[in-house]
Engineer: 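Pasting a structure here, questions to come.
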Amino acid sequence: MADLPQKVSNLSINNKENGGDGGKSSYVPPHLRSRGKPSFERSTPKQEDKVTGGDFFRRAGRQTGNNGGFFGFSKERNGGTSANYNRGGSSNYKSSGNRWVNGKHIPGPKNAKLEAELFGVHEDPDYHSSGIKFDNYDDIPVDASGKDVPEPILDFSSPPLDELLMENIKLASFTKPTPVQKYSIPIVTKGRDLMACAQTGSGKTGGFLFPLFTELFRSGPSPVPEKAQSFYSRKGYPYALVLAPTRELATQIFEEARKFTYRSWVRPCVVYGGAPIGNQMREVDRGCDLLVATPGRLNDLLERGKVSLANIKYLVLDEADRMLDMGFEPQIRHIVEECDMPSVENRQTLMFSATFPVDIQHLARDFLDNYIFLSVGRVGSTSENITQRILYVDDMDKKSALLDLLSAEHKGLTLIFVETKRMADQLTDFLIMQNFKATAIHGDRTQAERERALSAFKANVADILVATAVAARGLDIPNVTHVINYDLPSDIDDYVHRIGRTGRAGNTGVATSFFNSNNQNIVKGLMEILNEANQEVPTFLSDLSRQNSRGGRTRGGGGFFNSRNNGSRDYRKHGGSGSFGSTRPRNTGTSNWGSIGGGFRNDNEKNGYGNSNASWW
DNA sequence: AAAAAAT
């Protein structure tokens, strides 16, 4: 290969470019690097490096996409050089690199202890790690639209997933794909961008991890701009980045990734705030092929130069609507648009969101290219194995009502939602005083406390968990028998997420909510949910709802489900705002537009769906 | 209005 001289000249050009400041020291402390436009980095040549004089390097990949630009020079791709791939300080890190030898994936040996840790031991053959009993999920309606939508798969082997991955999937007791996975796996495999309206519990994590790992297991590591590695400070070059709104959710995705990368060359990492950054940096050093992160901590690591996004093939935004609700948009845009992330065309982007409001549509327009829109029916609310009860309880009576409720039917795990962090603590103390085994999870507790609370709850050490919104969505806690909305949320979607924490795995669950005059705003949505799930509607609620509609506005648009649809359907096929085509001309073609629906219930009409909405679940 | 998230 004649790229060595090339290298040198590039280096010297770069050096000149950067040398405008003459002899004065241009050291930039790590945390200040990449502020401002010229993002140069100092990099100390490795000892064995024959190239001298090239101290400065442009951050790889910004304009040049996935190959790291002129620093994407590849060492010979042969014999025993596996450790040169994507490992900072090549000689120091070998363990997972050893699983990619001479262009082949060599799975590591089995490890009984690790296997038990990752997959656990389950006597129940129907046990499934995310609490889904698949047979009960077959009727979740899914609708896919966009250009050239791939046909959904029927099982994991139809276009086969990677062999090792299949073994791990079996270890995790997955038997067949969930409805989301049936659609998302071929979509991701085909390299398409995806916007999916789906909730946790639908199996969406596997929906993107499976095809992603299949591809990574097969293609192996790719070379990194080795010169960009400083000898002292190594850098992670993940191939896939998953952004999640909360630390718990990030951890959960990471744990799933650990299962499915067992014995493979791919090493997952997780970073989030509230935990010592040093440990996380060391983990990144040890190899970081898939990175799960909350936005704040990732930005921190990017600014410290510990992570480069130049090699990203896959970008996943999980719970995108929540991330925007939490004000993460600037940070997400910084990560995606202002660092060294490959451009839209040079990466594959998958967005998941429970709803599809206009700000998410804009994000989709900016981050996705010719995407497929997938909408997946709600898992929780449609399920009739959750008994929903609404009790009228004034605020001052809530404590005693709760005690009544608990003494009447507290068995298994009870999850209690409150609105404020203060109330979470106060109620937990109260319950402990009453000799209940209660613990709390909310944003003012330290990360360690949150983790302890969650694992105590999961392990039944504390069978009551009092939680704020931090636990409402996404958290996967199997076997919750009773969800109590001590305070009702103001957002009906939050309500659905909350009650969806129970009644999983085909078990029956109970959701009890304390309602009073402070909850007027949720009446309409609540009525719809209760009706949809064939639940009893208390008379005080139907009375209120009748009063509301008499006095107020009539419902616009006519559809029974409109207030909950949140525009979460593919606005592109409904004419939309027009902004779609105008900013991205390449997407304006309409020729191959199609829509594939699968698993639809047959009782659309009965459920109040007009024909106009028939393609939406 | 509250919660969450980088320190």
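Here is how names work: the chains are called A, B, and so on, in the same order as the sequence lines, proteins then strands, and each is numbered from 1.
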Engineer: Contact class for A:Gly327 vs. all strands (heavy atom < 4.0 Å): base, sugar-phosphate, or nothing?
Structural biologist: nothing

Engineer: A:Met423 CE to B:dA2 C1': how many Å, rounded?
Structural biologist: 13 Å

Engineer: Considering only B:dA5, B:dA2, B:dA4, which nucleotide approaches the side chain of A:His442 most closely?
Structural biologist: B:dA4

Engineer: For A:Tyr486, what residues pass the ring pair (Phe, Tyr, Trp, His ring centres under 6.0 Å) criterion, not counting sequence neighbours?
Structural biologist: A:Phe514

Engineer: Any side-chain N or O of A:Arg450 below 4.0 angstrom from OP1/OP2 of B:dA5?
Structural biologist: yes

Engineer: How many Å lie between CD1 on A:Ile441 and C1' on B:dA4, as a whole number?
Structural biologist: 12 Å

Engineer: Just the rounded figure in Å: distance from C1' of B:dA4 to CG of A:Asp318.
Structural biologist: 16 Å

Engineer: Can you tell me how far P of B:dA5 sits from CZ of A:Arg247, to the nearest Å?
Structural biologist: 4 Å

Engineer: From C-beta outward on A:Asp300, which listed nucleotide comes closest to its side chain: B:dA6, B:dA5, B:dA3?
Structural biologist: B:dA6

Engineer: Whole-Å distance between B:dA3 C1' and A:Asp444 CG?
Structural biologist: 9 Å

Engineer: Quick check: A:Phe260 with A:Phe213 (ring centres under 6.0 Å apart)?
Structural biologist: no

Engineer: For A:Phe356 and A:Phe373, I'd like to know if the aromatic rings sit close, meaning centre-to-centre distance below 6.0 Å.
Structural biologist: yes

Engineer: In whole angstroms, how far is the P atom of B:dA1 from the CD atom of A:Glu419?
Structural biologist: 13 Å

Engineer: Is there any salt bridge (charged side-chain N to carboxylate O under 4.0 Å, His left out) pair reaching into residues 269-281 of chain A, and which pairs are they, with sequence neighbours excluded?
Structural biologist: none

Engineer: When you check the phosphate oxygens OP1 and OP2 of B:dA4, does a side-chain N or O of A:Thr294 lie under 4.0 Å from one of them?
Structural biologist: no

Engineer: Between C1' on B:dT7 and CZ on A:Arg297, what's the gap in Å once rounded to a whole number?
Structural biologist: 8 Å

Engineer: Rounded to whole Å, how long is the line connecting atom CD1 of A:Ile332 with atom P of B:dA6?
Structural biologist: 12 Å

